[in-house]
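Quick note on labels: first sequence line is chain A, next is B, and so on, each numbered from 1. Every value quoted in this text rests on a predicted model; they were computed, and no experiment measured them.
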Amino acid sequence: MDGKNTTKHFFDHTLQTVIPSDVPSPQSDTPSCRSDTGIEKDHDQFLEFRNEIKSLFTDVTESSVFLLYKRFKSSPNLLQDAINAFLDNGNNISDEKWHREANKEENKLKQPREKENMPANKKVKYEYTSRKKQMEPNKKVEASKYFSGKAKKVSKARPTSNAIATIQTLSPNPLETSICDTGVIEEKHCWKKYIGTMNMSCWCTRSAYSLDSIYGDNNLIFTKPSGSNVVYVSHQAENSKFRRELGRLTEDLAEFVGPLIDESAIVFESKLFFVEGERLSTGDTFILRADCFISQQIFEIEKGGDNLNDDLDLEQLKVMKHAGGNIEAGTRLKSGILKLFQKLGLKSLKEQYSEQKKIDSLINSNSQDESEFQELHENAQLEELIIDSTDADQETNDGSEHENNKDDKANDLRLTMNQVKDLYRSTELNDLQQSLPESTPNNFKIDLRPYQKQGLSWMLQREKEYDLIGINSTAYTDDERSVIVEQLKSLENSLNPLWKEYQWPKPPVRLQNLDSPPNFPNNFYLNLYKGSCSLIRPLLKSTCKGGILADEMGLGKTITTLSLILSYPKDLTYDSLPLDDVNRNKDFASGTTLIVVPMALLTQWEREFMKVIDDQKKHRCFIYYGSESLGNLKQLLCGKDAPTVVLTTYGMIQSEWCRFNKSEVSSRNSGLFSIKFLRIILDEGHNIRNRTTKTAKAVYNLRSDRRWILTGTPIINRLEDLFSLVHFLDLKPWSYHSLWKQCISLPFDTGKEVDVAVELLKSILDPILLRRTKNQKDKDGNYLVILPPKEVTIERLSFNKRERAIYEWLKEKAVNSFNENFKSEMVFKNYSSILTQLLRLRQVCCHIDLIKTGESETMDDLTSSLAVDKQQPKLSTKADDEILSLVEMIETNEKQQKLPIEKIKELKEEIYKLYPTFEDTECSICTEMVNIDTCIITECKHCFCLSCLTEHFEFQLKHPKDNEETTTEEINNGIDDNKFLKAEEVFCPMCRTQINRNRLFRTVGKKRFTAVDMVNLDVNESLLTQKTNLVSSGSRDYFVRPFTPNEQSSKINALLIHLEQIKQESPGEHVIVFSQFTSFLDIIGNELEKYTEEFKVLKFDGRLNLEQRQHVLNEFDKNLPGGEEKVCILLLSLKAGGVGLNLTVASKAFLMDPHWNNAIEFQAIDRLHRVGQSKSVKVIRFIMEGSIEERMLAIQERKNQLGEALTISDEERRKRKLEELQSLFKE
Amino acid sequence: MSTLPKRIIRETERLISDPVPDITATPHEDNLRYFDVSLKGPAGSPYENGVFKLELFLPDDYPMTAPKVRFLTRIYHPNIDRLGRICLDVLKNNWSPALQIRTILLSIQALLSSPNPDDPLANEVAQEWKGNHAKAIATAKEWTEKYATP
């Protein structure tokens, strides 16, 4: 810096050497000398002056000469000033005019005048090329352009010689001291502080005959008439009252310099820096160099206001509100200052820091970041989807509102991926988090993980319960603890995000003696929205207690929050007040935390609460939900024995708010809104992300001392989402929408000043938001959470004959109609019928019975993921009738082939007689011992493995023998009903008699039957011909039942086989079976319930009410009694069970059918694979081979690869949909 | 080639551990589906004392389809042609997956004992067998001595 400054400085002097030597030299006498001269000398001087001026201007009048002399006689550059004045005004010189001007100037200008001695080395010539190097970098382009044009001329006029040599003799220069002397004197009253130097280019508007006087007393003044955007550059000599306009700043400069002059925010000390040639003519460009000083005045603005309390924030708010109009100056000043700072290269400490960080991270950048984000982004997308569906659940009684949400969302600009990425990352990279102390709550039954303990500390800090931070932690001594607490306290009042912190730049050497007052702070602060400055750190006094806990899904937000509640369940200061204290409010529930949760999570919260409390009497949980909740809440909560936690749902709050608004007495006096809670916690807080919804509005109106939001995804699409959260937290001033809109939303939407807004947003969020991710590492470099491995396998199944037949039939229809629609470009018009067809195909993949029910429940998710128009697809009844009759035909045909029931009984008896045991019985096809669980017995009573015989059937049917009647031609005859109706008969491998596929038996092993079971089964013998057959013969260890290969869906068969295996390997296991089709779950349920002795079956779907849900989850959570070795199976609807549920008790899951969106499936899997899971998770996804399901997989895959962008045009969306459909209907 | 089904492995093992009398079947080292078979002419038949070489191949579909078996040693038999192909119902339509290499080879042995000239493969032989039985037997013996005597 120093070197640069010196060169600038000497450059300054080389400039003066431009003064042409042939111009008459101005008076070299010092003013003091002249003041002593007598009248005679004065007269001589006048005569000399008159001669000179007359020789220059023949048209000058005597009176003008006199007036000029009178005016300038005290000037050291008498002749020059006079000439210039004459050039400006001609002969119309009047005394008064000058006097007036001079007075005006004197009043206006408080700037120190530089006393400049005439440099002795006048004749030094300069080399213009040396200047180039010395130009400030940001001026380089302009300057070089300038020079290149004029270079020739300049160099001709001023041949270079010994410039460099002489230049070196110039410094140190006496000039410096003189400037500084005056500076110090003047600044006693009004200080100014150097912030930088810049070059400015100007247009000359008045010809200057000689520049000598200017160089001699190089001090230019900026003036700006109010109401115009022009900045005049004038010259005023020392001791001279006459100010002469030289030119104007170029427009781009004037635009931001103007407001600064208007507000006297910046003091410019400018010098003529470069003039090309010897004189200035109108239209010429010249460059001046301005040292910029920030004036005290701009600091004064702030001092006037009370230090940034709420009032001032409100004031600011008002300013923002009336953007435009009378606050024009404010914003212009602001942008002026920002621009100036930018030009001066002045950077805030934060910017400097982040730049440094950026460089650091570039050095050790890791690609891992990317993948982490990818995951995060997926989660975000996913939660959005989930939220959409829960929205639907919750606001079903308010359809119109929901509709609004959607429209709203579609119309709004969404954040680009990068922006979201940036924001998320910024919320994650917080050094503070690493250094948070760990707090362990008292009387908490669950051990918190280290990061949860840190989370608790953070929450306590946000609630300003400093005494509790770090308690029960062995890591710190009491002293250390208090240090930490003090540190946290200091962080509490963070820098107001409206302000930026700057360090005073070091002034160059020539200005170094310009001392500031003693104890002058090192830093100053700039208000980004007003442009005012402050020397005192403007703190954001946050009165808001609470914040956003935004830990990623599965990190245990619930537990952390519960630990906070139990750490500080009661407002102690309030409780210690005497009962008759005036500060006691009758409606303050000082010992109650209200937790607002989505309906599905109500019981989960309760269960978690019960898990962590150690004394059920001390801490109670009250569920405020449904009609039974209409008791007097106020009495309950403000009384002595108030429950610690009240759980309620968003729906309850919304409906109660409606009642409250209708001023129902009961709700006014006893409902949720009649009470001020100690603390409110919003779980899945993004539920209120749209501030216009009734739910959000209702939630805003709840009253409490502390407010918390729990959410995995604080930002979903728009920054408005975040506003709603901030508004709920009542984080002033950001909770004012207009301010938020002005400072955050608008910059993002319009793309103007995005950087500032991002910076601001980060600083708003920093103190109030805590986010940790699974991939984050603690200070020891370990991941926060290490989950056991997860294994997801796809199991491809093939259709059984009946399924294949129906599937092919449906598929052909669907493909034909799609192709027709596609050709006539009617795809989107007939979208709903296409979707119906797709649905039918998917249903057949699961179970044929699904299409019988004509169920359309799954349309919702189809439309949400695929539909363009939201119209509910109509069931194409004609096609449905057709398919139903086909199914019926096939089924009756099968029934006809079946053995009559008497024959079945007879055969069973024979089989039991023939095979007292299956030991030593070999399957003749694979030559292995038959397994009792997979053994098939033919009509002719021969035993085979199920798989072997199935293979035999398939092979024989596919390769008909020549001597049989069926010809291959007939088989290949396309889709023919007859094909389905033909009996499946092959010969028995053992005895070659014809065996019918529908007349087989299979054996089932019986294990540890109790007598009771036997009795029960015996009673139901008639029913059991279809189910399990049991003969009360103790010696046998199996029983036989008819085998019906087509009856059961292939998927259920596969599921049964797996469950059987699980039962064998690890009885007592908990298993989850997911499906999108609740009717499929019903079928599975019915099937599994047949095996009461093996499986305990539970079902959870959207049709259950709260109590039922709770019951189901409790049952599932229970460990089975020791003696029972059943497998506990939860049938879970993909939609109802997608959010929030914690099902870590299970470690195995089956996804019966694929969803259009992969993320939904992963979300489901995450119910098991989350914090608390101790076993490795195994998931099997069933996919029907060669069916639409395989193509859905392909679409999932493609979507994952594309990483579906958040911003995508409708047109593109349509195109993609069409492509997807085409791929689905591909032959 | 796909992995060898368990059944083939088990059959091979059993053929070695519990061989069929008068029959040997050894798989090729480089192709476990290909067997070299030697079969002794059944006693009391014109083929007595002869040792006949056959090749046996298990197709991919095995055991859903029958193995392919062929005589390598020339044999005078109405159901076996010049190329060694065998006309035997269990090798064709009457194959059942319950049958095995062992049973098939026994069937072939049985075929040597009781030729079936009514369902011939080698027509000339069959006619001879029917028309001039003694001569046919003699030829068979002659051939056995000529080709099948080690």
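- Rounding to the nearest 0.5 Å gives a distance of 7.0 Å between CE of B/M64 and NE2 of A/H952.
- Contacts from residues 6-25 of chain B to chain A, taken as heavy-atom pairs separated by less than 4.5 Å, involve B/K6, B/R7, B/R10, B/R14 in sequence order.
- In this structure, A/M990 and B/S96 have side chains that are not in contact, with every pair of non-hydrogen atoms separated by 4.5 Å or more.
- A ring-ring contact (aromatic ring centres under 6.0 Å, His included) check over residues 11-30 of chain B, counting only residues at least two apart or in different chains, returns the pairs B/H28-B/Y34.
- Atom CD of A/E1185 sits in a crowded spot, with more than 12 heavy atoms from other residues, nucleotides or ligands closer than 6.0 Å.
- Residue contact with chain B, scored on non-hydrogen atoms closer than 4.5 Å, involves the backbone of A/C948 exclusively.
- Annotation for A/P989 and B/A98: closest pair O-CB, 3.4 Å, computed over non-hydrogen atoms.
- For the pair A/F955/B/T65, a side-chain contact is recorded, criterion being any heavy-atom separation below 4.5 Å from C-beta on.
- For B/P63 against A/I925, the heavy-atom pair with the smallest separation is CG-O, 3.8 Å.
- In the displayed structure, B/E124 atom CD is contacted under 6.0 Å by at most 12 heavy atoms of other residues, nucleotides or ligands.
- Within a 6.0 Å sphere centred on CZ of B/R82, other residues, nucleotides and ligands contribute 12 heavy atoms or fewer.
- Heavy atoms only, all atoms of each residue included: A/F987 and B/W95 are closest at CZ-O, 3.2 Å.
- Residue-environment remark: CZ (B/R70) exceeds the threshold of 12 foreign heavy atoms within 6.0 Å.
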